[in-house]
**Q** 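Below you'll find the structure I mean.
By convention here, the first residue in the shown sequence is residue 1. The figures here come from the full heavy-atom set of this structure, side chains too, leaving out hydrogens, waters and symmetry mates.
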Amino acid sequence: MSALHASGGPVGPRSPEAGSAAARPAVGARAAEARPVPHPDEPLLRVEDLRVVFDGPRGSVTAVDSVSLTVRPRETVAVVGESGSGKSVTARTVLGLSTPPGRVAAGAITFDGRSLVGLREEEWRSVRGSRISMVFQDPMRSLNPTMKVGKQIEEALRLHTDLEGEALHRRAVELLDAVRLTDPARRVDEYPHQLSGGMRQRVMIALALSCGPGLLIADEPTTALDVTTQKQILDLVRDLQDEFGMALMLITHDIALASNYADTLYVMHAGRVVESGPAARVLSDPQEAYTRGLLDSVLDMDAPRPDAAGAAAAAEAGGARQPYGASGTASPTGNDAAPDVLLSVRGLEQEFRLSGPAGGTVRALDGVSFDVRRGETLSIVGESGSGKSTTARAILRAPAPTGGSVVFEGTDLTELSRERLRQVRTDMQMVFQDPFSSLNPGWKVRDIIAEPLRVNGVGTARERARRVEELLSLVGLDPATFAQRTPRQMSGGQAQRVGIARALALDPKLLICDESVSSLDVTIQAQVLELFARLGRELGLTYLFIAHDLAVVRRISDRVGVMFRGRLVELGPAEAVCSAPAHPYTRALLEAVPRVVRDRPEFGGAGPEGRAGSRSDPAGGAGSHPAPSPAEGGGGAHPDPAAHGAAGEAGSGLGGGPQERVRGTAAAALRELLVREAGEPLGADCVYAAPECAGEHPPMHEVAPGHYAACHSQAALDAQRAEPTGAEENR
């Protein structure tokens, strides 16, 4: 295993001793001391007029064309662009990974004064891992599934250091502790499949940093992670960047995310750099139409929906008529069969049996209740593992829930025979997250869309062909162009449109969208969201939207339900939930959403004080975020959060006054407690915790008409709701 990758994820609460810098081994300091120090005025990495082509039977395709960029010591450089822009090919070429059919056709790459173009494979071994490391997008594909994570770290150390025997094991534990993985002495003996996605990403980061590289390349390291885990990972990388004294090259399609961390920004399109410069300058005064388009495609978390006032009024009126979401109980009105309710879920439970010698069960859903009104969009949000996707599948009995009821148009689906359920499912269809794994890769688009019609005996072959053409046109694809293609011959956005067309084939009444836009670039994501909105208007569709991105949810939803560890903890009108959250978990989710930061200071040099947003600098730059002190369960020693007041106001929306700083510290502490292991009650470290929070789950309370939350400390939260969230402060 080459030490090219790095990965991370949820980390549990740490004791003050474990979280302090004094107690944690100074692995970064040792690595930095052992590494040659480049001249501070010289670029660490210089790419000049790079051209990369891929040879094929029909000729060569240019993937990277005349790209030039530099990375200085300790600097954070972000390369931003859509899929296919050439950003990942550029990063891989820097590390010598553009293997045939890819090749460097022209240009130069210099790292610390050494030319990297044309190196033999044995020469690359002295660069990869020890001088330049890389963190890839999917840690499950990068890690060896048959090796314990500690052994994989030890293998990298054995290749690049003189450590042997027990020293290797100790170093592996130190590295896992440095990336703030809970109980590193135990995790070192676990396999990748035993860790969550975020934890695997932390292991990959430990691997990448094991030999103290001077440059870390992070290629879309958080694309598949939810917003809180994403923020934890990138904040961790930033902290380790300070500790290890390394430069960072961040590859991402998310320009808002890049704005929170980058000193310098390069925008790529169609294989070329179309704009570059200090991040603040590019973001505040973009010169190129493509850059402006990327910024315009970012969903504004701080702006209400255009129809927010009308939606809020309708939700409030509906809430007064029927309180939705009383956990595990019928509504107080007793009117569970209200005429505008299409789907009613009550007390939904789902348990899974564990295999292996230990056995046992895991409760994934615990008393989930809500209604979906005809014609509305209800979104269910939460982190990975919160139970939101399990809820969607339990509604469709895939698999059947172990408890509760699912009533669709007056029929309880949990009591239906298999044949009757198949008939009802024609009115309930699902759009999945990854179209390339949910669509048959060997079939043509026309056959993929026609299959539900054929299986259900709808129409003649000619009628089905006409219906396929209608559906392709409906989702914005030209039938003459796309009907004969396979999924592999389309972009992600085009393939997702095919998935939507297939779901619409039988004229469903309810469309369940499970993370349907989470893997798409921001521009494609905006197009698909607009498609959903248009189809809802034209076809009168009802949506149950499963997502982890609250910016997306606020854009499309009438109401929002928030899930945490298998329970619904908040439910209400979208604007109310996003602007005045009634549960601490919801507030923490909102604080973690990345916003475009346009006023970061320019990079000031190679020293620790020169990097914008450095935690070692109290001013921190506009992109820095307050972090909890060790006593609050933070993962490392951080300055007094009060010292970050000005930075928090611009970067995380936490404000600069005394009360705002208290709220900022609370939000940061909440982000830490969110990553505790599943099954632990919310509250042990919560700043609003009441004595009963340690083990007793609170019932839902109505905090405003149609707005519900489950929290024992409702009085303290009501007071907090009177104050603005970070989103409102930024507005």
Side-chain angles (χ1 to χ4, degrees), residues 337 341-352 364-365 368 370-375 378 380 387-435 437-468 470-471 474-475 487 496 498-516 535-536 539-546:
V341 174
L342 179 67
L343 176 71
S344 181
V345 176
R346 290 291 180 269
L348 198 64
E349 297 181 356
Q350 186 66 277
E351 291 185 348
F352 296 104
L365 299 178
V368 175
F370 58 86
D371 292 339
V372 183
R373 302 166 183 164
R374 214 176 283 272
L378 173 66
I380 304 295
K388 56 188 187 299
S389 292
T390 302
T391 298
R393 286 166 170 74
I395 289 172
L396 293 172
R397 280 179 53 179
T402 54
S405 64
V406 179
V407 178
F408 182 77
E409 290 196 311
T411 300
D412 190 345
L413 305 187
T414 63
E415 299 177 353
L416 296 183
S417 65
R418 180 173 298 181
E419 176 59 28
R420 178 70 181 117
L421 177 64
R422 190 177 69 84
Q423 296 172 3
V424 174
R425 276 181 177 169
T426 61
D427 287 331
M428 309 167 66
Q429 292 293 303
M430 181 175 269
V431 180
F432 296 94
Q433 176 177 353
D434 183 4
S437 61
S438 59
L439 301 177
N440 191 320
W443 285 18
K444 295 183 185 297
V445 165
R446 66 182 184 189
D447 300 317
I448 291 171
I449 298 175
E451 185 192 26
L453 299 168
R454 179 178 54 78
V455 169
N456 286 276
V458 177
T460 64
R462 181 172 297 179
E463 290 170 338
R464 290 195 291 268
R466 282 199 299 268
R467 177 62 173 160
V468 169
E470 292 173 1
L471 289 165
L474 187 64
V475 299
Q496 192 62 288
V498 172
I500 295 169
R502 174 186 167 92
L504 295 175
L506 297 171
D507 289 321
K509 298 172 183 176
L510 174 67
L511 208 59
I512 301 175
C513 304
D514 188 7
E515 299 279 13
S516 302
L535 293 174
L539 306 179
L541 287 171
T542 301
Y543 290 108
L544 180 61
F545 207 88
I546 309 298

**Q** Is there a side chain to side chain contact (heavy atoms under 4.5 Å, CB included) between L348 and V406? Walk through the geometry before answering.
**A** CA-CA 8 Å; L348 198 64; V406 179; 3.8 Å; yes

**Q** State, with a plain yes or no, whether a side-chain heavy atom of P399 is found less than 4.5 Å away from one of Q350.
**A**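 Yes. Closest side-chain heavy atoms under 4.5 Å.
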
**Q** Quick one, S389 with D514, criterion side-chain hydrogen bond (donor to acceptor under 3.5 Å, both in side chains). Give me CA distance, side-chain angles, the key distance, then yes/no.
**A** CA-CA 7 Å; S389 292; D514 188 7; 2.8 Å; yes

**Q** Backbone N or O of K509 within a donor-acceptor pair of the Q429 side chain at under 3.5 Å?
**A**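 Not at all, since once roles are kept as given, no pair shorter than 3.5 Å links the two residues.
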
**Q** Dump the intermediate steps for side chain to side chain contact (heavy atoms under 4.5 Å, CB included) on M428 and V424, then the final yes or no.
**A** CA-CA 7 Å; M428 309 167 66; V424 174; 4.2 Å; yes

**Q** Looking only at heavy atoms, what is the nearest atom pair of G387 and L365, with distance?
**A**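 Of all heavy-atom pairs spanning G387 and L365, the closest is O-CD2, 3.3 Å.
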
**Q** Would you confirm whether T542, through its side chain, and R374, through its main-chain N or O, come within 3.5 Å as a donor-acceptor pair?
**A**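 It does not hold such a pair.
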
**Q** Under 4.5 Å between any side-chain heavy atoms of V341 and V372, yes or no?
**A**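 V341 does not reach V372 side chain to side chain.
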
**Q** Side chains of D371 and S344: is there a donor and an acceptor less than 3.5 Å apart?
**A**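 Side-chain D/A pair, D371 to S344: present.
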
**Q** Judged by atom type as modelled, is there a donor-acceptor pair below 3.5 Å linking the side chain of R397 to the main-chain atoms of L413?
**A**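 Such a contact is found between R397 side chain and L413 backbone.
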
**Q** Rounded to the nearest 0.5 Å, how far does CD of E515 lie from CZ of F545?
**A**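 Those atoms lie 8.5 Å apart.
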
**Q** Would the distance check show the side chain of T390 and the main-chain N or O of A364 forming a donor-acceptor pair, the cut-off being under 3.5 Å?
**A**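 Judged by distance alone, no pair lies under 3.5 Å.
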
**Q** Any chance you could measure L378, atom CG, to L544, atom CG, to the nearest 0.5 Å?
**A**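 Going from the CG atom of L378 to the CG atom of L544 covers 5.5 Å.
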
**Q** For residues 447-459, pull every pair meeting salt bridge (charged side-chain N to carboxylate O under 4.0 Å, His left out), keeping only residues two or more places apart or in separate chains.
**A**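 Applying salt bridge (charged side-chain N to carboxylate O under 4.0 Å, His left out) to every pair that reaches into residues 447-459, excluding sequence neighbours, yields E451-R502.
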
**Q** As a quick check of understanding, evaluate side chain to side chain contact (heavy atoms under 4.5 Å, CB included) for D507 and R467, giving each step before the final call.
**A** CA-CA 11 Å; D507 289 321; R467 177 62 173 160; 3.0 Å; yes

**Q** Calculate, to the nearest 0.5 Å, the distance between atoms CZ and CZ belonging to R418 and R425 respectively.
**A**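 Reported value, rounded in 0.5 Å steps: 9.0 Å.
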
**Q** Going from CZ on F408 to CG on L342, what distance comes out if it is rounded to the nearest 0.5 angstrom?
**A**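 The CG atom of L342 is 4.5 Å from CZ of F408, to the nearest 0.5 Å.
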
**Q** Using every non-hydrogen atom in the two residues, find where P452 and I449 come nearest and quote the distance to one decimal.
**A**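 Looking at all heavy atoms of both residues, the shortest contact is CD-O, 3.2 Å.
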
**Q** Sub-3.5 Å donor-acceptor pair from the side chain of R464 to the main-chain atoms of G459, do we have one?
**A**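 At least one qualifying donor-acceptor pair exists.
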
**Q** Where the side chain of S516 meets the backbone of V431, is there a donor-acceptor pair that is under 3.5 Å apart?
**A**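 A pair under 3.5 Å: yes.
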
**Q** Walk me through whether F370 and T391 qualify under side chain to side chain contact (heavy atoms under 4.5 Å, CB included).
**A** CA-CA 11 Å; F370 58 86; T391 298; 3.9 Å; yes

**Q** What's the separation between atom CG in L511 and atom CG in L539, rounded to the nearest 0.5 Å?
**A**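 With rounding to 0.5 Å, CG (L511) is 9.5 Å from CG (L539).
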
**Q** Where is the tightest heavy-atom contact between A450 and V468, given as atom of each residue plus distance?
**A**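 The answer is CB-CG2, 3.8 Å.
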
**Q** Quick one: CD on Q433 to SG on C513, what's the gap to the nearest 0.5 Å?
**A**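 These two atoms lie 12.5 Å from each other.
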
**Q** Which residues satisfy the salt bridge (Lys or Arg N to Asp or Glu O under 4.0 Å) test with D434, sequence neighbours excluded?
**A**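 Partners of D434 by the salt bridge (Lys or Arg N to Asp or Glu O under 4.0 Å) criterion come out as none, since no residue qualifies.
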
**Q** Over all heavy atoms of both residues, which pair between V368 and V345 is shortest? Give the atoms and the distance, please.
**A**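 Heavy atoms only, the tightest pair is O-CG1, 3.5 Å.
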
**Q** Looking at residues at least two apart in the chain, or sitting in another chain, which of them share a salt bridge (Lys or Arg N to Asp or Glu O under 4.0 Å) with R422?
**A**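 R422 satisfies salt bridge (Lys or Arg N to Asp or Glu O under 4.0 Å) with E419 once adjacent residues are dropped.
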
**Q** Taking all atoms of both residues into account, what is the closest heavy-atom pair of P401 and T414, and its distance?
**A**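 Of all heavy-atom pairs spanning P401 and T414, the closest is CG-CG2, 4.0 Å.
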
**Q** For R346 and V407, indicate whether the former's side chain and the latter's backbone hold a donor-acceptor pair under 3.5 Å.
**A**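 Such a contact is absent between R346 side chain and V407 backbone.
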
**Q** Using only atom types and a distance under 3.5 Å, with no angle test, would you say the side chain of R446 pairs donor to acceptor with the backbone of A465?
**A**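 Judged by distance alone, no pair lies under 3.5 Å.
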
**Q** Return the minimal non-hydrogen interatomic distance between I500 and L535, and the atom names on each side.
**A**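 For I500 and L535, the tightest heavy-atom pair comes out as CG2-CD1, 3.8 Å.
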
